[in-house]
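Report on the following structure.
In this text, all values refer to a predicted model and were calculated from it rather than measured experimentally. Quick note: residue numbers are just sequence positions, from 1.
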Amino acid sequence: MTTHHAGADTHADTSGHIAQSASQRRTIASFTNYRDAERAVDHLADNKFPVGRTAIIGVDVRMVEQVVGRMNWGRALLNGATAGAVPGLLFGWIFGLFDLINPLVAAFTLALYGLVFGALIGAVMGAVFYALQHGRRDFSSVTMMVPSRYDLVVDEEVAGEAQRLLAGMTPTGGAS
């Protein structure tokens with residue numbers, strides 16, 4: 001007996017269509033920031049263009065690590081305490097809601113206990129992780145991916161219409 005699962009065939013057809021249409025796309029505009037690319041797609045949508053046939057692609061992506069401060073014992077303890085306090089508060093509050101006699105008082109009491117114990121455990125963990133680094137990374141940072149430009153691409157069949165519609169858009173200085 002053979003079983004036929006329509007979902008599998010649909011998925012295969014859909015992914016094949018996406019792969020085929022991705023290779024037949026044309027870049028119709030490039031923008032220096034995402035907001036302008038988003039504004040262009042919004043303009044196309046406002047003019048009844050089939051925006052399902054568009055994509056915004058970040059090009060020349062690079063990783064940027066922004067240093068936000070010096071790491072020391074105090075900051076390690078504070079960061080750990082903050083990271084532990086929030087989930088502790090939420091867990092305590094949720095468990096407190098299960099008290100059938102007085103759920104409001106139990107929720108606040110357990111939330112407070114969860115906040116305190118979560119902060120203590122988080123501070124201890126922050127100290128342990130900072131000690132394990134042996135001074136190799138005495139700074140804190142935020143990592144982000146930043147493209148140099150955003151290309152607006154559309155399917156080849158509708159590229160002319162998209163370019164015509166974008167030509168009527170008021171410029172903001174981000175398009176090239």
Side-chain angles (χ1 to χ4, degrees), residues 3-15 17-19 22 31-46 49-153 172 174:
T3 6
H4 179 67
H5 189 278
D9 290 338
T10 304
H11 178 68
D13 292 342
T14 303
S15 64
H17 174 67
I18 290 172
F31 302 90
T32 56
N33 62 58
Y34 183 79
R35 187 178 336 109
D36 289 340
E38 188 178 43
R39 187 174 160 268
V41 173
D42 189 44
H43 178 77
L44 292 173
D46 291 345
F49 182 81
V51 291
R53 300 180 75 177
T54 65
I56 299 173
I57 300 174
V59 179
D60 296 331
V61 178
R62 60 192 166 148
M63 185 182 81
V64 176
E65 183 175 13
Q66 178 65 48
V67 176
V68 294
R70 187 174 171 78
M71 183 60 78
N72 55 30
W73 282 103
R75 186 179 286 268
L77 291 171
L78 182 64
N79 288 351
T82 303
V86 173
L89 176 80
L90 291 174
F91 280 123
W93 177 68
I94 288 170
F95 283 122
L97 291 177
F98 290 116
D99 185 351
L100 298 177
I101 297 169
N102 199 351
L104 190 58
V105 173
F108 284 125
T109 304
L110 286 177
L112 181 63
Y113 285 140
L115 176 87
V116 171
F117 288 122
L120 287 174
I121 291 170
V124 168
M125 295 299 292
V128 167
F129 288 135
Y130 182 67
L132 289 174
Q133 300 234 347
H134 300 294
R136 282 187 306 246
R137 190 170 166 93
D138 284 340
F139 62 92
S140 57
S141 63
V142 176
T143 303
M144 59 192 124
M145 303 299 281
V146 181
S148 64
R149 73 175 193 272
Y150 297 90
D151 286 348
L152 178 59
V153 297
T172 60

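Considering only residues two or more places apart in sequence or on other chains, Ala85 meets the side chain to side chain contact (heavy atoms under 4.5 Å, CB included) condition with Leu115, Ala119. Residues passing the salt bridge (charged side-chain N to carboxylate O under 4.0 Å, His left out) test with Arg136: none are found, sequence neighbours excluded.
Rounding to the nearest 0.5 angstrom, the gap separating the CG atom in Asn79 from the CE atom in Met125 is 14.0 Å. The distance from atom CG of Asp42 to atom CZ of Arg35, rounded to the nearest 0.5 Å, is 13.5 Å. In this structure, His43 NE2 and Asp36 CG are separated by 13.5 Å, a value rounded to the nearest 0.5 Å. In this structure, Arg75 CZ and Thr82 OG1 are separated by 10.5 Å, a value rounded to the nearest 0.5 Å.
Annotation for Pro147 and Gly58: closest pair CB-CA, 3.8 Å, computed over non-hydrogen atoms. The shortest heavy-atom contact between Leu152 and Ala40 is CD2-CB, 4.0 Å. Between Val67 and Ser141, the closest heavy-atom pair is CA-CB, 3.9 Å. Closest heavy-atom contact between Ala111 and Leu89: O-CD1, 3.5 Å.
Below 30°, between 30° and 60°, or above 60°: for Phe95 and Phe91 the angle between ring planes is below 30°, a parallel geometry.
Identified under the ring-ring contact (aromatic ring centres under 6.0 Å, His included) test for residues 108-152, with sequence neighbours left out: Tyr34-Tyr150, Trp73-Tyr130.
Looking only at side-chain heavy atoms (C-beta outward), Met144 and Gln66 come within less than 4.5 Å of each other.
Salt bridge status for Asp151 with Arg149: present, with a side-chain N to carboxylate O gap under 4.0 Å.
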